[in-house]
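Encoded as structure tokens, the structure appears first; notes follow it.
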Amino acid sequence: MTEYGPQPVDRRLPTEEARDLLNLVRDLAEREIRPTAAEEEEAGRFPRETFALLSESGLLSLPYDEEFGGGGQPYEVYLQVLEELAAARLTVGLGVSVHTLACHALAGFGTKEQRAEHLPDMLGGGLLGAYCLSEPSSGSDAASLTTRATRQGDAWTLDGTKAWTTHGGVADFYTVLARTGGSGAHGITAFLVPGDAEGLSAAAPERKMGMKGSPTAQLHFDGVRVPDSRRLGDEGQGFAIALSALDSGRLGIAACAIGVAQAALDEALAYAAERQQFGRPIVDFQGLRFMLADMATQIEAGRALYLTAARLRDAGLPFSKEAAMSKLFCTDAAMRVTTDAVQLLGGYGYTVDFPAERYMREAKVLQIVEGTNQIQRMVIARHLAGPETR
């Protein structure tokens, strides 16, 4: 019989340093993350010790400037690191993406004094961040948020509820978008809120179909006082900061989706090479070979799309449309690939004894977070045809 099996991803990396970094990440993922992923997800266990290890290894700071403890890596490299982590366990890959998103406002819009005071610990000091934009009544319509920040002298008081917060209740800091002015996008301001702030509490984590090891919870702000020195950017600039962060964050989701899809393909290919029916491995049957070919093609196309967007970002060029396209295509592809992986494994694919069913459950959320795929289509269409007429 012919020998088949998964092959390592052939990555085009810009430097030897980047190649060494990816090898380090792959080794760390295989030793420290993948072996216990299924067990910990089933138990709903949050891997805080893994994030501490990633922080020690410099993997929570990759796309930020070295001046403040960042890794100084281009997005082209950072996203491929995310992909490797997500392939081992999505809770970890997505968690790194969310932490990076939570650091974006301070790194990009904070003063030099703010960055010097907070960024080193946020990037390499073992801290973990979260991002607070959505609310119970404002998800896709984020500009209608109602959490209010009221100025009192040299401090602000925050009141309201945030929803769908990844790392809610376990994060050390939160980047919070709150209303400081009138209605609409121009009345929103960003704040950096400590995780142990008085008056801040988390509800019980949501009960989810996948990513059970990653806590997603509502956060309640009941008179939380934040000094003006923790306001990020100008008053009223918060929504623009949020959109800027989401463009980059959508690339992180795209990379995580391709990681999950790659893991599903590897599982399906290994199973098909081993499983015997009618006297030969099922990978020899043309119908399954075509399924595997389609799965691999979708993964390669998604990887190429998110890397194209990343290279635009690294070059300082507009990439909002490409970020939306990447998030849309990669997450839809991950849903198709993981569903096909379950189908290819047959009855075994539907059991928790194999990871295919977990990959399928996890892929679904990636079509929803950081802007549903319907919102991504709206963003792309606006770039093509202009704003909708009202």
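- Rounding to the nearest 0.5 angstrom, the gap separating the CD atom in Glu362 from the OG atom in Ser214 is 10.0 Å.
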(request) For Ser138 and Asp141, run side chain to side chain donor-acceptor pair (under 3.5 Å): C-alpha distance rounded to whole Å, both residues' side-chain angles, the deciding distance at 0.1 Å, then the answer. (result) CA-CA 5 Å; Ser138 66; Asp141 183 16; over 6 Å; no

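- A donor-acceptor pair under 3.5 Å is formed between the side chain of Arg34 and the backbone N or O of Ala87.
- Remark: the backbone N or O of Thr111 is paired with a side-chain donor or acceptor of Gln114 at under 3.5 angstrom.
- Without hydrogens or angle criteria, Glu41 side chain to Gly213 main chain gives a donor-acceptor distance under 3.5 Å.
- Ser201 and His220 share no side-chain donor-acceptor pair at under 3.5 Å.
- Atom-to-atom distance recorded for Thr15:OG1 and Asp20:CG is 8.0 Å, nearest 0.5 angstrom.
- Residues Val77 and Leu22 form a side-chain contact, since some pair of their non-hydrogen atoms from C-beta on lies under 4.5 Å apart.
- Residues Val92 and Val260 do not share a hydrophobic cluster, clusters being chains of Ile/Leu/Val/Met/Phe/Trp/Tyr side chains in contact below 4.5 Å.
- Rounding to the nearest 0.5 angstrom, the gap separating the OH atom in Tyr174 from the OH atom in Tyr131 is 15.5 Å.
- A donor and an acceptor atom, one from each side chain of Lys208 and Thr216, are located under 3.5 Å apart.
- The side-chain heavy atoms of Glu17 and Gln73, taken from C-beta on, include a pair separated by under 4.5 Å.
- Side-chain contact between Pro63 and Thr100 is present, with heavy atoms from C-beta onward closer than 4.5 Å.
- Nearest heavy-atom pair across Ala334 and Ala261 is CA-CB, 4.0 Å.
- The aromatic rings of Phe46 and Phe51 lie parallel to each other, their planes meeting at an angle below 30°, with 60° marking the opposite boundary.
- In this model, a donor atom of one side chain and an acceptor atom of the other lie less than 3.5 Å apart for Asn373 and Thr331.
- In summary, the side chains of Thr189 and Thr180 do present a donor paired with an acceptor at a separation below 3.5 Å, with no hydrogens or angles considered.
- In this structure, Glu30 does not pair ionically with Arg26, as no charged nitrogen and carboxylate oxygen lie closer than 4.0 Å.
- For His186, the NE2 atom sits in a loose shell: 12 or fewer heavy atoms of surrounding residues, nucleotides or ligands are nearer than 6.0 Å.
- Taking 4.5 Å as the limit, every side-chain heavy atom of Leu119 sits out of range of all side-chain heavy atoms of Asp65.
- Smallest separation of non-hydrogen atoms from Ala204 and Ala217: O-CB, 4.3 Å.
- Transitive grouping of hydrophobic side chains (ILVMFWY, heavy atoms separated by less than 4.5 Å) keeps Phe329 and Leu79 in distinct clusters.
- Residues Met122 and Leu232 are members of one and the same hydrophobic cluster, defined by side-chain heavy-atom contacts under 4.5 angstrom among Ile, Leu, Val, Met, Phe, Trp and Tyr.
- The 12-atom threshold is not exceeded at OH of Tyr350, counting heavy atoms of other residues, nucleotides or ligands nearer than 6.0 Å.
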(request) Could you check Thr157 against Gln152 for side chain to side chain donor-acceptor pair (under 3.5 Å), going step by step and ending with a plain yes or no? (result) CA-CA 7 Å; Thr157 300; Gln152 298 174 325; 2.8 Å; yes

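- Among residues two or more places apart in sequence or in another chain, the salt bridge (Lys or Arg N to Asp or Glu O under 4.0 Å) test is passed with Asp172 by Arg48.
- In this structure, Gln218 and Trp164 have side chains that are not in contact, with every pair of non-hydrogen atoms separated by 4.5 Å or more.
- Within 6.0 Å of atom CD in Gln286, 12 or fewer heavy atoms from other residues, nucleotides or ligands are found, so the atom counts as exposed in its surroundings.
- Put simply, the side chain of Arg250 gets close to the backbone of Glu370: a donor and an acceptor are under 3.5 Å apart.
- Here the CD atom belonging to Gln80 is positioned 12.0 Å from the CG atom belonging to Leu62, to the nearest 0.5 angstrom.
- You'll find the side chain of Val98 reaches within 4.5 Å of the side chain of His167, heavy atoms only.
- What you find for Pro47 and Thr91 is that their closest heavy atoms are CD-CG2, 3.8 Å.
- We find that Glu83 and Arg303 are joined by a salt bridge, their nearest charged nitrogen and carboxylate oxygen being less than 4.0 Å apart.
- Atom CD of Gln343 sits in a sparse spot, with 12 or fewer heavy atoms from other residues, nucleotides or ligands closer than 6.0 Å.
- When the ring pair (Phe, Tyr, Trp, His ring centres under 6.0 Å) test is applied to Tyr78, the partners found at least two apart in sequence or on another chain are Tyr75.
- Using a 4.5 Å cut-off on side-chain heavy atoms (C-beta onward), Asp222 and Val224 make no contact.
- Both Leu85 and Leu60 are members of a single hydrophobic cluster when ILVMFWY side chains are connected at heavy-atom separations under 4.5 Å.
- Side-chain polar atoms of Glu135 and Thr147 form a donor-acceptor pair below 3.5 angstrom.
- A salt bridge does not link Arg311 to Asp314: none of the charged side-chain nitrogens sits closer than 4.0 Å to a carboxylate oxygen.
- Remark: the backbone N or O of Pro14 is not paired with any side-chain donor or acceptor of Glu76 at under 3.5 angstrom.
- Residues Leu82 and Leu328 fall into different hydrophobic clusters, defined by Ile, Leu, Val, Met, Phe, Trp and Tyr side chains chained together at heavy-atom separations under 4.5 Å.
- The distance from atom CG of Leu307 to atom OG of Ser326, rounded to the nearest 0.5 Å, is 8.5 Å.
- For the pair Glu56 (side chain) and Leu53 (backbone), a donor-acceptor distance under 3.5 Å is absent.
- Arg11 has a carboxylate O that lies under 4.0 Å from a charged side-chain N of Glu84, or vice versa, which qualifies the two as a salt bridge.
- In Arg207, the CZ atom is not crowded: 12 or fewer heavy atoms of neighbouring residues, nucleotides or ligands sit closer than 6.0 Å.
- Defined by atom type and a distance below 3.5 Å, a donor-acceptor pair is missing between the side-chain atoms of Thr297 and Asp294.
- Between Phe173 and His99, the ring planes lie perpendicular to each other; the angle is over 60°, past the 30° to 60° tilted range.
- With hydrogens and angles disregarded, no donor-acceptor distance shorter than 3.5 Å links the side chain of Glu267 to the backbone of Phe354.
- The backbone N or O of Leu177 lies less than 3.5 Å from a partner atom in the side chain of Lys162, making a donor-acceptor pair.
- Residues Leu101 and Ser248 form no side-chain contact, since every pair of their non-hydrogen atoms from C-beta on lies 4.5 Å or further apart.
- With salt bridges taken as basic N to acidic carboxylate O contacts below 4.0 Å, none links Asp247 and Arg313.
- Among residue pairs with one or both ends in residues 319-341, those qualifying as salt bridge (charged side-chain N to carboxylate O under 4.0 Å, His left out) are Asp332-Arg377; sequence neighbours excluded.
- The backbone N or O of Ala155 sits nowhere less than 3.5 Å from a side-chain atom of Asp228 that would complete a donor-acceptor pair.
- Look at Glu42 and Lys212 and you find no salt bridge, because none of the NZ, NE, NH1 or NH2 atoms lies under 4.0 Å from a carboxylate O.
- A salt bridge between Glu67 and Arg115 is absent, with no side-chain N of the basic residue lying under 4.0 Å from a carboxylate O of the acidic one.
- Looking only at distances, no side-chain donor or acceptor of Thr36 sits under 3.5 Å from a matching main-chain atom of Glu39.
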